[in-house]
Each structure stands twice: as C-alpha cells, then as structure tokens.
Amino acid sequence: MKVKVISVLEDNYMYLVIEENTKEAVVVDAAVPKRLLEIVRKEGVTLKAILTTHHHWDHARGNEELAKVYPELQVYGADERIGALTHKVTHNEELKFGDINVRCLFTPCHTSGHMCYFMWEENSPDAPALFSGDTLFIGGCGKFFEGTAEQMYKNLTEILGALPKDTKVFCGHEYTVRNLKFALKVEPENESVKKKLRLGKTPRRRGLAHGALHPAGGVPLQPLPAGLGRSRAEIHWPDGSGGRAASSPHREG
C-alpha cells in the first residue's frame, strides 16, 4: 500500500492510496481534481473510488468533476450532503479494494456526518493507516461545527484511541505549528511538544508537505496525555473561550 501525500489549497491534504500489485487507487478527500488527475497519470494508476471524510467544500468539491471523468467511480461517505455520493457508509463497515482493507469509523462533531477511514493491506509488513479528516490533526482536533466536546472526546479516546499503536495518521490539514504553540501554553514542560515544535519551525525540508511536520509516511498515533481524564474533558482555546461545548480556533476545514 503506497500513500501519496498531496498538498493542496492553503493547508489541505489529499491522499492517493495505491494498491501496488494491481495499480488501482482510491483517493481520500478529492478537493482539487486537476491536481489529483496529474498525480494519477504520473503514477500510472486507475482511480476506483473516492473516500470522503465530510461534506465541506475543501474536502469534497472535486467529487462531481471526477465522477464525470470516471463514470464508474464509486464515492463513499457518511453524509448525504457529499457531492456525487454513491455509497453511504456506516460505523465499522468494511470495504475492500484489492488487498487494501478499509474500516469506516464514524466520528461526528466537526460535522454530523464525519467519517474517518482506517486502512491496512493483507500480508504486508507496512503499518496500518488512519485518514482522520478534520477529526484529528497533529497536536489538535477539528472545530465543533455540528457537535459537542463530549462527542470529540469519545472520538479521540474510544474510537481512534483504540486503534493499533503502530497506526500512522494522515490528517486533513496542516495546523501543526499553531496547535503545538497552544499545547506548549497548556503543558509548558512537555518535552515532546517542545521537540516537535522546534522541528516545525525549521525551513521547508524534502518530503515534508506544506513545509511543516507531515512526513510522506504519516505521523505515529499517540494517546492523549495521561492527565486528561474525564474530569478534565473541558476544552479551552487561546482566545480565552472554553467549556464543555467550546469551539476550536480553527476555521472551517
């Protein structure tokens, strides 16, 4: 299973997931169809399906155009607001594309129909992959447009937090540096945050999309800090707002 990280728009990511034996591929969040088609041609693959995490334009606006280019294209998602949707999926539903297995993980909050996709390949030593859309970012989570802090806490701890420890995360946006700056205010002695923030502030390096911290091989899945038990589940943001249903500082993603 080969994952192509495609940087688009201001800070978005699309992902082309390739089954290397058959040269068939699926795309996660087809936001910019022209750019995607360039990569599809360059890789010499056949695009079979779109996996859409949620209906926002910067994740789904390419669906209709791609469906015209590929009339047999299958479009999967959990929200009827997703353009060109052909298959509405549910929590824990499993899909298969050649040797690539996909488990759909329903994570409502950023939108009421948000779905993450957990992928692994049969008989492969490669680590499994999570495509987390706008639920989980490096050092942060998505804005609560259509949900609550309780929902997001469940998403992060019970659904995504239960995945195998070697899972690599591919998120929907590059918000790393701003997330880590806030994390350092919350936990100023956290050495892991300090180290990652130093890396994020270095000049653009080969293999890092958007010049920040998203390597081509994904980011290791890490648990929430041990101190963040349910008694501390309130969310507080840099502008001073906070509470059980507070919104994150990120704009629509």
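All values below were derived from every heavy atom in this structure, side-chain atoms included, with hydrogens, water molecules and symmetry-related copies excluded.
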>> Is it the case that atom NZ in Lys96 sees more than 12 heavy atoms from other parts of the structure closer than 6.0 Å?
In response: yes
> To the nearest 0.5 Å, how far apart are NZ in Lys196 and CG in Asn190?
Replying inline: 10.5 Å
>> What verdict does the side-chain contact (heavy atoms from CB on, under 4.5 Å) test give for Glu146 and His110, after you've listed the backbone C-alpha separation in whole Å, the side-chain angles of each residue and the deciding distance to 0.1 Å?
In response: CA-CA 6 Å; Glu146 298 177 357; His110 182 69; over 6 Å; no
>> Between Thr86 (side chain only) and Val75 (backbone N and O only), is there a donor and an acceptor less than 3.5 Å apart?
In response: yes
>> Please determine whether side-chain contact (heavy atoms from CB on, under 4.5 Å) holds for the pair Thr53 and Val28, giving the CA-CA distance in whole Å, both sets of side-chain angles, and the decisive distance to 0.1 Å.
In response: CA-CA 7 Å; Thr53 60; Val28 179; 4.2 Å; yes
>> If we count only N and O atoms by modelled type, under 3.5 Å, do the side chains of Thr111 and Asp79 hold a donor and an acceptor together?
In response: no
> Salt bridge between Glu65 and Lys68, side-chain N to carboxylate O under 4.0 Å?
Replying inline: no
>> Assess, by modelled atom type and distance only, whether the side chains of His114 and His56 contain a donor and an acceptor separated by less than 3.5 Å.
In response: no
> Looking only at heavy atoms, what is the nearest atom pair of Ala25 and Leu16, with distance?
Replying inline: CB-CD1, 3.8 Å
> Of the non-hydrogen atoms in Met119 and Val26, which two are nearest, and what is the gap between them?
Replying inline: CE-CG2, 4.3 Å
>> Between Arg81 and Ser112, is there a side-chain donor-acceptor contact under 3.5 Å, judged purely by atom types and distance?
In response: yes
> What's the shortest heavy-atom distance between Ala149 and Phe144, and which atoms?
Replying inline: CA-CE1, 3.6 Å
> If you measure from CZ on Phe118 to SG on Cys104, what distance do you get to the nearest 0.5 Å?
Replying inline: 12.5 Å
> How far apart are the C-alpha atoms of Thr52 and Asp29, what are their side-chain angles, what is the distance that settles it, and do they pass the side-chain contact (heavy atoms from CB on, under 4.5 Å) test?
Replying inline: CA-CA 5 Å; Thr52 303; Asp29 286 350; 4.0 Å; yes
>> Using a 3.5 Å distance criterion without hydrogens, assess whether the side chain of Glu93 forms a donor-acceptor pair with backbone atoms of Leu95.
In response: no
> How close do Ile100 and Val17 get, heavy atom to heavy atom, and via which atoms?
Replying inline: CD1-CG1, 3.9 Å
> Do side-chain atoms of Arg103 reach the backbone of Asn92 as a donor and acceptor pair under 3.5 angstrom?
Replying inline: no
> So, the side chain of Tyr153 versus the backbone of Glu158: is there a donor-acceptor pair under 3.5 Å, distance only?
Replying inline: no
> Sub-3.5 Å donor-acceptor pair from the side chain of Asn12 to the main-chain atoms of Asp58, do we have one?
Replying inline: yes
>> side-chain contact (heavy atoms from CB on, under 4.5 Å), that's the test. Do Tyr13 and Val5 meet it? Break it down for me.
In response: CA-CA 7 Å; Tyr13 290 115; Val5 180; 3.7 Å; yes
>> Looking at every non-hydrogen atom in both residues, tell me the closest pair between Gly142 and Met152 and how far apart they are.
In response: O-CE, 3.6 Å
>> Side chains of Leu37 and Tyr70, heavy atoms from C-beta outward: is any pair under 4.5 Å?
In response: yes
> Looking at NZ of Lys168 and CG of Leu130, how far apart are the two atoms once the value is rounded to the nearest 0.5 Å?
Replying inline: 12.5 Å
> With a 4.0 Å cut-off, would you call Glu43 and Lys2 a salt bridge?
Replying inline: yes
> Do the ring planes of Tyr76 and His87 sit parallel (below 30°), tilted (30 to 60°) or perpendicular (above 60°)?
Replying inline: parallel
> How about Glu94: does its CD atom have over 12 heavy atoms from other parts shown lying under 6.0 Å from it?
Replying inline: yes
> Which pair of heavy atoms, one from Gly113 and one from Ala78, lies closest together, and at what distance?
Replying inline: O-CB, 3.6 Å
>> If the test is side chain to side chain contact (heavy atoms under 4.5 Å, CB included), which one of Leu156, Thr107, Ile159, Asn155 qualifies with Leu136?
In response: Leu156
>> Between Lys194 and Glu189, is there a side-chain heavy-atom distance shorter than 4.5 Å?
In response: yes
> Would the number of heavy atoms belonging to other residues, nucleotides or ligands and lying under 6.0 Å from CD of Glu122 be above 12?
Replying inline: yes
> Do the rings of Phe131 and Phe170 sit parallel, tilted or perpendicular, given the 30° and 60° boundaries?
Replying inline: parallel
>> How long is the straight-line distance from CG of Leu85 back to CD of Gln74, given to the nearest 0.5 Å?
In response: 10.5 Å
>> When you measure from the side chain of Glu24 to the backbone of Glu19, do you find a donor-acceptor pair of N or O atoms at a distance under 3.5 Å?
In response: no
>> How long is the straight-line distance from SG of Cys116 back to CG of Leu160, given to the nearest 0.5 Å?
In response: 5.0 Å
> What is the distance from atom CH2 of Trp120 to atom CG of Asp166, rounded to the nearest 0.5 Å?
Replying inline: 13.0 Å
>> Using a 3.5 Å distance criterion without hydrogens, assess whether the side chain of His91 forms a donor-acceptor pair with backbone atoms of Phe106.
In response: yes
